[in-house]
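Scroll down for the structure; my scribbles are underneath it.
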Protein chains: 2
Amino acid sequence: MRSTDDRSTVARIRDAAITEFAANGVDGTSIRTIATAAGVSPGLVIHHFGSKDELRVACDEYVAGIIRDVKGGAMASGGAFDVTAAFRTVGEIPAAKYLARTLVDGSPHVAELVDEIVTDAMKYVATGVETGMIKPTEHEWERAAILTIWGLGSLVLHEHLERLIGVDITSDFSADPKATSAYMAPILEIYSNGFLTETTVQILRAAFVDAATEAEKEST
Amino acid sequence: MRSTDDRSTVARIRDAAITEFAANGVDGTSIRTIATAAGVSPGLVIHHFGSKDELRVACDEYVAGIIRDVKGGAMASGGAFDVTAAFRTVGEIPAAKYLARTLVDGSPHVAELVDEIVTDAMKYVATGVETGMIKPTEHEWERAAILTIWGLGSLVLHEHLERLIGVDITSDFSADPKATSAYMAPILEIYSNGFLTETTVQILRAAFVDAATEAEKEST
DNA sequence: TCATCTGTTGAACGCATGTTCAATATTCTA
DNA sequence: TAGAATATTGAACATGCGTTCAACAGATGA
C-alpha cells in the first residue's frame, strides 16, 4: 500500500503541512507551498485530503494524537504539571510549535485537547495531594486549569520567552544547564513558595476576593 | 478638519481595524472589511495609511500607547503583577483583545512592548521586595519575565480559559464575584504559597536544576 | 493481455485580495 | 469668490489563492 520509501505520500504531505503551518500559520501557508515542501503537485494535496480545511483538521488530529502519546509517557516522569516538558523529552515532529500556533485560532480539536490536558492534570494533582507531594486547595479544577494555561501560554509565547531569558521551550534545552536554571529555577521557586508575602496576599485578597467569599459555595 | 461627527475619519478607520484585527486576525481581515466597518471606501484606507501593513503598524503603535497609559495608571493600584488586570480596570477591552492576537505573530512593536512590561515589572517587584511585600529571589529578571509571560499567555488563551473556568479575562469581570474568586483565588494561592510541597521541590530541583547550580554565576 | 483502479500531474478557472488611479466632492486659503 | 489642496469614491488591475479537471502513469486482478 506504500512505496519502498520512508513514509507514504500522504504522511509526507501531512508532515510538510504541520511544519509549514507551525512556521507560518495556517493562513500564511498556501497549498502550493505544502505541495512543494512535500515534493508533490498541488492537486495531489487536495486529492488526498479533500480541501485545505480538511488537511488542517487531519493535522490537528495527528498532532493531538502525538501529544496524547507523549503525555501518557510523561505522566509517570513527574513533569506532568508542565505540559511543555513532555515535548522536550521527546524528539517529535514540530508538534510543539504546531500546537503553539493553533492554540490561538480556535479549532475544536485543539479545544478538546486542552480540556483533556486539564482533566489529566486534575487527576495527577489529586494523586499528588493524596501522596503529600502537592498542597490541597479549595479550587482544584480552577487551579489545574490556570496551571495548564500558564504552561500552554508560555508555549504560545515561546518567542518572547526566548528573547527575554534566552530559553526556547519548544526545543530540548536539557543539554544547556544555564537555560535549565533560568527557566526551571524561578518556576520551581514560585511553585513551591510563591512570591508574595502574607501581608500582600491579605491586601490583595481583600481587594479582589472579599465580596465573593460567601458566594463560593458551588464550583464546577 | 473634521466633520461634525465623533472621531476623525482616520481614527474611525484605525479603530475599526483594531476591532477587526482583534476579532479575526490580521490575515483574516480584508481592507474591504475594515473600510465597510468604518463606513468608508477601500481606497481611502490605503490613501490614509499607505498599505495594509502600515495600517497594522499604526494599530500596533496606537494600542501600545494605550497600554503604556493604562499600565502607568495601574502601577500604583497594586495590580501590576498581573498585566491583564490593567485592562479590566480601564475600559480598553479592544486593546486587550488586539494584544492577545498580535502577541503571537511577532511584530517588532509588540516585542518592544513586552520588553517594557517586563522591565516595569522588575522595577515594581524590586520595590515590593524592599517594602517586604514580595519575597526576594536570585533570579529577579527571569522571575519577572515568567510572571509576565504567564499573564500575557493567559490573555492570549483567554478563550480557553473562559471555556475552562467561565471567566473572560478580556472583559471586566469585577462585577461577577464568582468569576473573581474562580480566577483570582487560585492565583493568589499559588502566588503566596505555591502548590508543591518541599519534598516535591527537592526531587524536581535535583532532576532539573542540579547539574546547573555551579554554572549559575552570571544571570542577565 | 486487457480492463480497471488508484496515484499523480499541471494547466486552467473563479474568486478574493491589496493596490492603483482617474474622477469627483469637500475643505482650506488668500 | 477663485483656486489649490485635500478627502473620498469606485471601478479597474494584477496577483495569489483554493480548487477543478482532463489526462497520463503504473499497479492490480482476471
Side-chain angles (χ1 to χ4, degrees), chain A residues 1-62 98 101-102 105-109, chain B residues 1-62 98 101-102 105-109:
Chain A
M1 206 174 282
R2 54 197 49 95
S3 54
T4 53
D5 303 6
D6 250 334
R7 303 161 290 176
S8 77
T9 308
V10 176
R12 234 171 41 234
I13 294 174
R14 192 228 305 115
D15 290 355
I18 290 174
T19 307
E20 294 297 328
F21 285 162
N24 304 107
V26 176
D27 286 339
T29 303
S30 73
I31 287 199
R32 275 162 248 255
T33 305
I34 296 169
T36 305
V40 299
S41 69
L44 193 60
V45 177
I46 297 291
H47 174 254
H48 279 303
F49 291 91
S51 69
K52 189 186 182 183
D53 215 66
E54 288 171 282
L55 169 59
R56 188 243 150 96
V57 170
C59 292
D60 279 352
E61 287 172 347
Y62 185 75
Y98 181 88
R101 279 273 182 186
T102 51
D105 43 42
S107 103
H109 294 86
Chain B
M1 205 176 285
R2 58 197 47 97
S3 51
T4 52
D5 301 8
D6 250 334
R7 305 159 289 177
S8 76
T9 308
V10 176
R12 232 170 44 234
I13 295 173
R14 193 228 303 115
D15 290 354
I18 290 174
T19 306
E20 294 297 328
F21 285 163
N24 304 106
V26 176
D27 286 339
T29 304
S30 74
I31 288 200
R32 272 162 251 255
T33 305
I34 295 169
T36 304
V40 299
S41 69
L44 191 61
V45 176
I46 296 291
H47 174 255
H48 279 303
F49 291 93
S51 68
K52 188 186 182 183
D53 215 68
E54 288 172 281
L55 169 59
R56 188 242 152 96
V57 170
C59 292
D60 279 352
E61 286 172 348
Y62 184 75
Y98 182 88
R101 276 276 182 182
T102 51
D105 43 43
S107 104
H109 293 86

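Labels below follow one simple rule: chain letters A, B, ... track the order of the sequence lines, proteins then strands, and each chain is numbered from 1.
Scored by the salt bridge (charged side-chain N to carboxylate O under 4.0 Å, His left out) test, A:R101 finds no partners at all (sequence neighbours excluded). For the side chain to side chain contact (heavy atoms under 4.5 Å, CB included) test, residues two or more places apart in sequence or in another chain that qualify with B:E61 are B:V57, B:H109.
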Exercise. What one-letter contact string describes nucleotides 8-20 of chain C from 5' to 3', where B marks a base within less than 4.0 Å of any protein heavy atom, S marks contact via sugar-phosphate atoms alone, and - marks no contact?
Worked result: BBB-B----BBBB
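A 4.5 Å side-chain heavy-atom check between B:H48 and B:L55 finds every atom pair outside the cut-off.
Side-chain N or O atoms of A:K52 include one that pairs as donor or acceptor with a backbone N or O of A:T29 at under 3.5 Å.
Within the cation-pi definition used here (under 6.0 Å to the ring centroid, within 45° of the axis), A:R14 qualifies as a partner of A:Y62.
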